[in-house]
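Throughout, protein chains are lettered first and strands after them, A, B, ... in sequence-line order, and every chain is numbered starting at 1. Note that this is a predicted model, so its numbers are computed, not measured.
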2 protein chains.
Amino acid sequence: MKNAPDLSAQIAKSIRDAIVSGDLDVGDRLPSEAELSDQFNVSRSTVREALKRLAAQSLIRTQRGATGGAFVNKLRFEDAYGQQITTSALLLSMNAVDFTTACEARFALERACAPLSAQRRTADHLATMRAEITRQAQPGLTDEAFCASDVAFHRALVDGAGNPVLSYQLAGAVEAIEPLMNMITFTARSRDQIVALHQGLADALEARDTDALVTGLDTLAHYTADLGATVAAKQKTPQKGN
Amino acid sequence: MKNAPDLSAQIAKSIRDAIVSGDLDVGDRLPSEAELSDQFNVSRSTVREALKRLAAQSLIRTQRGATGGAFVNKLRFEDAYGQQITTSALLLSMNAVDFTTACEARFALERACAPLSAQRRTADHLATMRAEITRQAQPGLTDEAFCASDVAFHRALVDGAGNPVLSYQLAGAVEAIEPLMNMITFTARSRDQIVALHQGLADALEARDTDALVTGLDTLAHYTADLGATVAAKQKTPQKGN
DNA sequence: ATTTTTCATTTGTCAGACATTTAAACGTCT
DNA sequence: AGACGTTTAAATGTCTGACAAATGAAAAAT
């Protein structure tokens, strides 16, 4: 039962290692596909499949034309967000992670940002949060739009910490549970409640009051978890329609 | 300036969307490459490049032979760790994230796990941590081995929270700064210090004492940051050799 | 009934061709 | 000499056709 991986996978790994180890630097141009097929003694198609693998991970970008080729891509935080979110979302759905667990993780991470955000948040972050609160209070909003605004609100809070690594890590946790959140029908009363809690968070952040911020997050966490539990209980009692 | 992506990228996106949306389920078999090239009206090579892109993200796995084909892969947390770590490591190095920022993020996230871990950690987690402490106290250890053990120790702490989502998110933060940590030469005295702090963490966890755990983590965070700052200062004064 | 053989299906790899894009090299005109 | 259009070479993107290798299922032999 030998487990020899494909040639294209081997070549991709070889190049990937060169990038990770710093052997290839950002902006460096890889040899052309023809040269690579010579070096690795494989056909051009195989090389291309390897390059597509790397492109899928945003490790390289390709450019056509005379001075074109494959270049080592500078991986930016913004580029990584997307993959992070898709992966997290798939992990949640494929491993049947329940709402409670996802919520717990999300608020634990968010609470970790609280002290930093209280200390460093700018007026901009606060303004974004206030704007989202206003939007959330509008009555005609769909559940999806409400959730999207919720995400934007919490991202502003997290970004307030001024640490891109934290923002990156949190993006996965916060945005990946949006699909789960979307399944919750927010009644007018629960929306009012959430908006009020958000207001409290924004106030705490404006006052740079870490304790109030943490307390507010805890309250919101519990309220959200309860909402989720209610929905889960309702879905257990089968209704008409699947 | 139209930005038409490659056909293989379009096809990959199309299939990826079908997976993310749940249109394709885990274990489902995709049409054969020949069928796909018919459906999308492209050549087999183009289809293959699309499939390799998806394979690079662990979204599908392929199998040769009569009943073979491409199957929607169940994305497991363990599978996602690897990508998460490579991506995080590249993000840190390519964006010149300094040790302080990375450290801050790491300990902020870890502190978020502390209450949960204090509550839920099993004897197993504790045993792992004690074992790693013992290893770290051995004098002949290389810096790399010391760092690896450090990672294992902290992973046990994080896993103690019993939340796979948290463990996944943290893996990136904790393991990605290992390369940065490896650049630090740990003197005998600093090692003793760290081992003592680890001992304190294990004790706090054994006693399920959240406050002590958080305090210990804060102390360790500061100590680590200081160590990093010292190294950075030394590297600023150029020595012989580059 | 069991084992062996054959066979069809599917992915993996290769080779060669043509299309398309792009920038540099070249010529031409002012 | 400089500006502007043309050619050209290099590179990726795509297509076609072929063969190799793996693999399970059906067919055949024992």
Taking atom types as modelled, is there a side-chain donor on [X] or [Y] under 3.5 Å from an acceptor on the other?
X: A:Thr128; Y: A:His125; result: no
X: B:Thr87; Y: A:Gln83; result: no
X: B:Asp17; Y: B:Ser14; result: no
X: A:Asp159; Y: A:Ser167; result: yes

For atom [atom1] of [X] and atom [atom2] of [N], their distance in whole Å:
X: A:Leu54; N: D:dT12; atom1: CG; atom2: C1'; value: 16 Å
X: B:Glu33; N: D:dG17; atom1: CD; atom2: P; value: 17 Å
X: B:Leu7; N: D:dG13; atom1: CG; atom2: C1'; value: 8 Å
X: A:Lys52; N: C:dT13; atom1: NZ; atom2: C1'; value: 18 Å
X: A:Asp6; N: C:dG12; atom1: CG; atom2: P; value: 5 Å

Problem - Stacked cation flag A:Arg106 on A:Phe99, 6.0 angstrom / 45 deg - result: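 No, A:Arg106 does not lie over the aromatic ring of A:Phe99.
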Handout entry: A:Arg155 to A:Tyr81 six-membered ring, cation-pi geometry met (6.0 Å, 45°)
Key =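 Yes; both conditions hold, so A:Arg155 lies above the ring face of A:Tyr81.
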Problem - B:Arg64 side-chain proximity, nearest of C:dT11, D:dG13, C:dT13 - result: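 Ranking C:dT11, D:dG13, C:dT13 by closest atom to the B:Arg64 side chain puts C:dT11 first.
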Tabulate atom names and distances for all N/O pairs under 3.5 angstrom spanning the protein and nucleotides 7-9 of chain C.
residue	atom	partner	partner atom	Å
C:dT9	O2	B:Ala66	N	3.2

Exercise for the section: Could you tell me which non-hydrogen atom of B:Cys113 sits nearest to which non-hydrogen atom of B:Ala161, and how far apart they are? Expected result: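 Answer, listing the atom of B:Cys113 first, then B:Ala161: O-CB, 4.2 Å.
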Exercise for the section: Return the residues of residues 34-48 of chain A meeting this criterion: a heavy atom under 4.0 Å from some atom of DNA chain C. Order them by number, or give none. Expected result: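 Only A:Asn41, A:Val42, A:Ser43, A:Arg44, A:Ser45, A:Thr46 qualify.
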Exercise for the section: Only counting residues at least two apart or in another chain, list the ones meeting side-chain hydrogen bond (donor to acceptor under 3.5 Å, both in side chains) with B:Glu33. Expected result: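 With neighbours one apart ignored, the set is B:Arg44, B:Arg48.
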